[in-house]
Amino acid sequence: DEWKAEVSRRCVGNSRLAFAVSMAFASPLLNLAGAESGGFHLRSNSSDGKTTALRVAASVCGAPEYMQRWRATDNGLEALAMQHCDAPLLLDELAQLDPKAAGEVAYMLANGSGKTRAGRTGGMRARADWRLLFLSAGEIGLAQHMSEAGKQARAGQELRLAEIPADAG
């Protein structure tokens, strides 16, 4: 009742907040629906409500601290994705991710599996797998961020991390 009064009622008439909450509720349903992982990125200038949308989505799962930051290595994000299997992964400030890794991380998170790695004896270790929806936010989009490292975004990367203007007008 408190969540309905304090959070959900504020989503009425705000398409971005309603989307963020809906994405958080949808993530645990991927398995039941037989659906794949995927992501969305809220992009806009500072103070347009991107982080607020992530915090509202986090309220579906608990405290605002549920939200994470992009400031991580690709291996760290792989571990984070495993921890969020069948739950939403909320990542703030895309610009904090190394632009050289951004495109590969978008593929990895949306494809639902990590790198195949060898064990100490040369045999294959178990590969990390997950199923989740992830919501990202930042002042720049994936293609622009990758271009800072001289990389060009591929259509598959941009499909796996679909960009949404945070300012709905």
Side-chain angles (χ1 to χ4, degrees), residues 7 10-11 13-30 35-61 64-85 87-115 128 130-169:
V7 179
R10 296 178 185 197
C11 296
N14 185 317
S15 62
R16 299 316 187 252
L17 293 183
F19 178 81
V21 166
S22 297
M23 196 256 4
F25 279 119
S27 196
L29 302 175
L30 292 177
E36 296 178 1
S37 296
F40 302 92
H41 179 70
L42 297 172
R43 181 200 44 79
S44 75
N45 296 326
S46 186
S47 303
D48 278 343
K50 300 177 301 293
T51 301
T52 298
L54 292 177
R55 287 188 178 129
V56 168
S59 74
V60 171
C61 301
E65 294 78 30
Y66 183 85
M67 181 182 76
Q68 304 292 317
R69 304 271 185 228
W70 275 109
R71 185 169 168 73
T73 64
D74 53 349
N75 288 340
L77 289 166
E78 183 177 321
L80 200 56
M82 281 181 25
Q83 290 176 344
H84 285 77
C85 185
L89 176 58
L90 310 168
L91 297 163
D92 201 14
E93 299 300 343
L94 178 63
Q96 291 184 325
L97 179 64
D98 181 350
K100 292 180 274 189
E104 293 305 316
V105 169
Y107 271 138
M108 177 188 70
L109 291 176
N111 289 342
S113 64
K115 287 182 182 178
W130 55 83
R131 188 177 34 255
L132 55 77
L133 292 177
F134 61 105
L135 183 60
S136 168
E139 294 178 14
I140 60 172
L142 181 64
Q144 182 182 351
H145 193 43
M146 290 175 64
S147 73
E148 292 174 4
K151 295 191 170 226
Q152 185 173 1
R154 306 239 185 266
Q157 291 163 325
E158 292 183 300
L159 286 172
R160 286 167 175 84
L161 183 57
E163 197 169 298
I164 301 169
D167 184 355

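The structure presented is a predicted model; accordingly, all values stated were derived computationally and were not measured.
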Asker: Using a 3.5 Å distance criterion without hydrogens, assess whether the side chain of Trp130 forms a donor-acceptor pair with backbone atoms of Glu78.
Answerer: no

Asker: Under 4.5 Å between any side-chain heavy atoms of Val56 and Arg10, yes or no?
Answerer: no

Asker: In terms of heavy-atom contacts, does CD of Glu148 have more than 12 from other residues, nucleotides or ligands at under 6.0 Å?
Answerer: yes

Asker: With rounding to the nearest 0.5 Å, note down the distance linking CD in Gln157 to NZ in Lys151.
Answerer: 8.5 Å

Asker: When rounded to the nearest 0.5 angstrom, what distance separates CG in Leu89 from CE in Met82?
Answerer: 13.0 Å

Asker: Main chain of Leu161, side chain of Glu163: is a donor-acceptor contact present, judged purely on distance under 3.5 Å?
Answerer: no

Asker: Give me the one residue out of Leu135, Leu80, Leu54 that meets side chain to side chain contact (heavy atoms under 4.5 Å, CB included) with Leu91.
Answerer: Leu80

Asker: Minimum heavy-atom separation for Gly103 and Met146, please, with both atom names.
Answerer: CA-SD, 3.6 Å

Asker: Does His145 reach the main-chain N or O of Gly138 with its side chain, forming a donor-acceptor pair under 3.5 Å?
Answerer: no

Asker: Can you find a pair of side-chain heavy atoms, one from Thr51 and one from Met67, that are under 4.5 Å apart?
Answerer: yes

Asker: Under 4.5 Å between any side-chain heavy atoms of Leu97 and Leu77, yes or no?
Answerer: yes

Asker: Measure the CE-CG distance between Met23 and Leu90 for me, rounded to the nearest 0.5 Å.
Answerer: 5.0 Å

Asker: Is it the case that the side chain of Ser27 and the backbone of Leu132 share a donor-acceptor pair, with hydrogens and angles ignored and the cut-off at 3.5 Å?
Answerer: no

Asker: Rounded to the nearest 0.5 Å, what separation is found between the CD atom of Gln152 and the OG atom of Ser147?
Answerer: 10.0 Å

Asker: Taking salt bridge (charged side-chain N to carboxylate O under 4.0 Å, His left out) as the test, write out the residues that go with Arg131, two or more places apart.
Answerer: Asp86

Asker: Measure the NZ-CG distance between Lys115 and Asp74 for me, rounded to the nearest 0.5 Å.
Answerer: 5.0 Å

Asker: Measure the NZ-NE2 distance between Lys50 and His41 for me, rounded to the nearest 0.5 Å.
Answerer: 8.5 Å

Asker: Where the side chain of Asn14 meets the backbone of Arg16, is there a donor-acceptor pair that is under 3.5 Å apart?
Answerer: yes

Asker: For Ala20 and Ala57, work out which heavy atoms get closest and say how close.
Answerer: O-CB, 3.5 Å

Asker: Counting N and O atoms only, with roles assigned by atom type, does the side chain of Tyr66 sit under 3.5 Å from a partner on the main chain of Pro88, one being a donor and the other an acceptor?
Answerer: yes

Asker: Distance alone, cut at 3.5 Å: any donor-acceptor contact between the side chains of Ser136 and Trp70?
Answerer: yes

Asker: Looking at every heavy atom in both Leu94 and Gly141, which two are closest together, and how far apart are they?
Answerer: CD2-C, 3.9 Å

Asker: Minimum heavy-atom separation for Ser37 to Leu30, with atom names?
Answerer: CA-CD1, 4.3 Å

Asker: Donor-acceptor check, side chain of Arg160 to backbone of Gly156, threshold 3.5 angstrom: yes or no?
Answerer: yes

